[in-house]
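We name chains A, B, ... by the order of the sequence lines, and we start the count at 1 in each one.
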Amino acid sequence: MSKYNLSINGATRSVDVDATTPLLWVLRDHLRLIGTKYGCGMAQCGACTVHLDGVAMRSCVLPVSQVGEQSVTTIEGLSENNDHPLQEAWLEHDVPQCGYCQAGQIMNAAALLSDTPNPTDEDIDAMMAGNICRCGTYTRIKAAIKTAATKS
Amino acid sequence: MTKVRTSYNRRSFLKSVAVTGGGLVLGFNWLSGCRPAETKMATGPVLPDNWYEINAYLKIGENGTVTIRTPNPEFGQNVKTSMPMIVAEELDADWENVISEQAPFNADKYGFQFTGGSLGIRTRWEGLRTAGAAARHMLREAAAQTWSVPLAEVTTAAGILYHKSSDRSASYGEMAELAGSFPVPKEVELKAVKDFTIIGNSKKNVDARKIVSGEPLYAMDRYEEGQLVAMVVHPPSFGQRFGSIRNLEDVKAMPGIREVFSIKTYKDDFQKGFFDTNAFPELVAIVGASTWEVMNAKKAILVDWQPLEAYTETVGGLFGGANTSRNVPAGMESTEDHRARMNEAAGRSGRVVRKDGDPQAAFASAERVIERSYSAPFLAHNCMEPINCLARVEGDKVWIAGPMQAPGLIEPTIAARMDIPVENIEIEMLRMGGGFGRRGYSHYLLEAALIAQRVKTPVKLIYTREDDMTNGVYRPAYQATYRAALDGAGNLLAFHVKAGGIPESPLYANRFPAGAIDNYLAEDWTLDSNITIGAFRAPRSNFMAGAEQSFLDELAEAMGKDPISFRLELLQRAATDPVGDKNDYDPARYAGVLKLVREKAGWDQKKPDVHRGVSAYFCHHSYAAHVLELTVEDDKPTVQKVTCAIDCGIVVNPDAAVNMAEGGIVDGVGNALFGEMTFTDGVPDKNNFHQYRMIRMGEAPRKIEVHFVKSDIDPTGLGEPPFPPVFGAIANALYKASGKRKYKQPFLGGQDLLG
């Protein structure tokens with residue numbers, strides 16, 4: 001076990017865990033930040049997407065020991081009042097079905113928009129390729145990203 | 001208006017409620033345990049100080065806020081929004097003041113609480129309307145008594161009671177306490193369809209804000225006080241069973257690990273129910289403090305597995321049907337062997353399920369016979385939320401919370417295994433991260449309970465993605481051979497379908513084009529396997545639609561006919577002069593969706609820049625037709641647009657219904673192009689998404705347009721019907737693009753490009 005002081009959603013959180021523990025399980029099991037989901041454990045589905053210094057990362061394969069000083073943002077910290085343009089656009093387009101993948105989709109899309117404020121369809125296809133939605137809400141996700149792009 | 005009795009499914013569902021109704025119930029939230037202390041709501045109804053129970057489906061606060069309970073479990077089909085809409089409609093509630101809750105699992109109050117078979121809205125339609133109408137009636141009675149006016153003069157609108165002639169009004173909240181004290185009326189009036197104000201007007205998903213905020217909704221998100229994490233290890237191969245743990249003590253000594261042991265899910269003499277499918281009834285359980293520690297132990301454990309001996313089991317019938325017998329062979333099966341066995345079975349005569357006219361003579365006299373065979377592989381459900389479940393066992397009391405489609409089907413299994421009455425089992429149905437049929441087979445609830453019983457603390461059982469994908473309960477592998485006999489003038493003389501699968505047949509002998517052809521023969525066959533199968537979105541239809549609609553397309557071409565006109569001709573025959581009396585579809589509604597999709601897709605206008613395929617199918621009491629348009633660049637197909645027409649009767653929540661159809665279409669495109677599970681020596685060849693290809697953003701149709709047939713018919717299925725015809729539409733469009741017919745799913749065979 002090792003002690004880590006992590007910067008998460010603007011606050012410092014201390015955990016005492018094995019160095020190999022993926023950030024996903026630190027967030028969920030140890031800090032009860034459960035918005036970040038477990039889907040595959042091998043960076044193939046995107047359900048666990050968080051931001052590390054603003055960059056989208058798959059937290060299921062990121063050992064806690066590699067987080068260091070970088071600031072972690074989870075879906076819980078994406079916006080002050082859950083009113084990020086993407087969250088609002090997701091509601092406007094009534095995107096979710098089962099909903100399990102959607103926090104990861106939003107986190108990935110948020111990173112996309114901060115790099116590419118006006119993404120083309122091709123940009124969205126490429127950037128969102130790592131996020132699976134088993135329910136098949138892709139057309140709505142894309143529409144919501146475009147709506148958010150016009151408002152952010 | 002329609003008058004209906006307030007009893008439902010042999011059970012007077014409102015009467016049993018009246019026993020608990022009427023009293024003052026302090027405000028409580030049965031899901032509070034899985035909600036954060038502060039829910040950041042942008043808007044929403046104001047919580048009252050007191051709730052008054054009106055019936056099992058609703059309670060009303062003194063401030064007029066209404067809580068409506070959804071009896072069926074939610075797996076993304078949005079019943080938690082659409083079912084309360086139905087109650088609110090007849091209650092004449094103000095939707096802005098409605099809180100939606102998942103009802104507790106309680107068969108006495110809510111009957112069969114099941115999600116599957118596209119049955120939800122169809123089977124709950126009358127009951128939910130009656131619950132709302134009965135409550136409205138009781139509120140009107142309360143107002144009539146309070147104001148001393150005739151009941152007939154009390155009207156309602158959006159949560160307010162009125163007596164127009166004396167200019168009096170009161171909110172539902174003001175009358176709720178008195179209304180709750182009245183007996184349930186024996187008969188209530190339901191609204192006319194034309195008077196609906198909530199049904200038919202899109203309402204947003206009631207859980208959407210929590211979903212986009214990352215708030216806890218799923219079993220996976222729930223943490224009980226003192227809970228441990230449990231994982232299981234099942235045999236790596238079908239055809240194997242548990243033997244012994246080789247390094248038990250080493251694993252137990254690993255960090256965070258508390259206990260390692262094996263569990264048996266059933267007693268030896270247990271007769272399984274239809275949904276007790278389970279290839280691996282004896283498992284190793286590893287219990288520890290945290291998920292990662294248990295995952296590490298799972299990687300380190302060494303287990304000796306034994307070959308499974310062949311056996312025969314009797315399985316209880318579905319919904320009270322006759323028992324069936326299942327032969328489970330020994331051995332480690334491979335996909336290659338499956339294909340050879342299926343080809344051999346397809347070459348033999350099958351079991352005749354339906355025969356009209358004299359097909360043998362008609363084929364013998366044919367000028368031309370067209371014969372084509374179609375096949376599809378096993379599929380894994382791959383719900384995004386892996387299988388998981390919480391359980392706590394205290395003495396002879398069991399508490400379980402998890403994602404499940406059918407708690408009522410696993411409850412007796414749990415009771416039998418744990419030697420307790422069903423009354424001692426409390427089950428909470430939590431929002432499912434997908435289901436698609438997989439969560440109807442809830443062996444994991446029992447596994448969690450057995451583990452919790454052993455370790456004497458609450459546990460959360462989690463399957464890894466690999467466990468989830470390799471556990472079985474797959475969509476079966478199927479094969480179908482179609483033959484058509486044509487005379488010299490190109491007329492269709494006879495039609496023959498022979499279909500089978502491992503280990504079930506996909507055949508629906510009485511579906512279209514049965515009824516439209518004088519000489520018709522339908523046969524089926526099955527092959528035993530120890531690989532387990534289960535319902536997968538539109539079972540059997542999800543294969544038959546693609547095969548049949550591809551064959552009809554090829555047949556139309558051979559006959560020189562437009563594929564939609566050809567289908568309409570057959571449907572016209574089935575409507576005016578049907579062959580046989582067992583045809584299970586309505587030819588007029590079937591033709592209706594084809595005509596609608598022809599119009600909306602602009603089928604009759606030439607579109608040289610795209611390759612188009614059409615397909616239509618009937619299942620789950622509804623009709624769906626698609627026109628799929630694709631382009632091919634450098635051999636890479638892109639689905640540009642799918643135009644979809646659906647007849648599912650009244651549409652309760654239109655935008656959500658469109659969402660559901662879009663999802664079914666994307667799911668269909670994905671599985672048609674990529675979906676496949678194969679086996680080598682009993683081992684599933686794919687165990688995670690790096691191997692099992694799922695459709696992704698860039699492969700989804702660029703545009704989907706969904707049109708509903710305007711209808712006053714009571715709602716029929718929606719979650720499944722748009723899915724099966726996609727397979728035919730894309731196969732037919734791929735043919736137009738490549739000049740090659742697609743007979744074998746997945747159509748891209750693991751590649752990106754058309755071969």
Side chain, backbone, both or neither: which part of [X] has a non-hydrogen atom closer than 4.5 Å to chain B?
X	answer
A:H84	neither
A:D83	neither
A:K37	side chain
A:R28	both
A:E92	backbone
A:T139	side chain
A:V95	backbone
A:T74	neither

Checklist line | B:K299 atom NZ, neighbour heavy-atom count above 12 within 6.0 Å | finding: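 Correct, the count exceeds 12.
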
Between [Y] and [X], is there a salt bridge with N-O shorter than 4.0 Å?
X	Y	value
B:R702	A:D121	no
B:K204	B:D655	no
B:E224	B:K460	no

Counting only heavy atoms closer than 4.5 Å, note whether [X] contacts chain A via side chain, backbone, both or neither.
X	value
B:P701	backbone
B:V212	both
B:Q77	neither
B:M469	neither
B:M694	side chain
B:E466	side chain
B:T464	both

TODO: Supply the atom-to-atom distance B:K80 NZ to B:E74 CD, rounded to the nearest 0.5 angstrom.
DONE: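 Those atoms lie 7.5 Å apart.
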
**Item:** From CG (B:N542) to CZ (B:F727), nearest 0.5 Å
**Value:**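 Rounded to the nearest 0.5 Å, the CG-CZ separation comes to 6.0 Å.
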
Heavy-atom side-chain contact between [X] and [Y] under 4.5 Å:
X	Y	value
B:L430	B:R222	yes
B:Y692	B:L379	yes
A:Y38	B:E385	no
B:K210	B:P216	no
A:V15	A:L31	yes
B:I257	B:V287	no
A:I34	B:Y218	no
B:V459	B:Q227	no

Q: For the residue pair B:T115 and B:N72, confirm or rule out a side-chain donor-acceptor distance under 3.5 Å.
A: no

Donor-acceptor contact below 3.5 Å, side chain A:R134 vs main chain B:H381: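 Present.
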
I'd like to know which of [options] tops the heavy-atom pair count under 4.5 Å against chain B.
options	answer
A:L24, A:V26, A:D29	A:D29
A:C135, A:G136, A:C40, A:C98	A:C98
A:G35, A:C101, A:C133, A:G99	A:G99
A:L86, A:L33, A:L91, A:T36	A:L91
A:H30, A:Q87, A:E122	A:Q87

Looking at chain A, which one of B:N205, B:I211, B:N659, B:N78 has the largest number of heavy-atom pairs inside 4.5 Å, strictly under?
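When all of B:N205, B:I211, B:N659, B:N78 are compared, B:N659 has the most.
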
One option among B:N688, B:N388, B:D667 has the most heavy-atom pairs under 4.5 Å with chain A, and it is B:N688

Tell me whether [X] forms a cation-pi arrangement with [Y], defined as NZ or CZ under 6.0 Å from the six-membered ring centre and within 45 degrees of its axis.
X	Y	value
B:R537	B:F723	yes
B:R438	B:F536	no
B:R431	B:F75	no

The test is salt bridge (Lys or Arg N to Asp or Glu O under 4.0 Å); show your working for A:D94 and A:R140 and say whether it passes.
CA-CA 8 Å; A:D94 215 19; A:R140 285 180 188 239; 5.4 Å; no

Counting only non-hydrogen atoms closer than 4.5 Å, can you tell me which residues of residues 105-120 of chain A sit against chain B?
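A:I106, listed by number.
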
Checking heavy-atom separations under 4.5 Å from chain B, one finds in residues 41-58 of chain A A:M42, A:Q44, A:C45

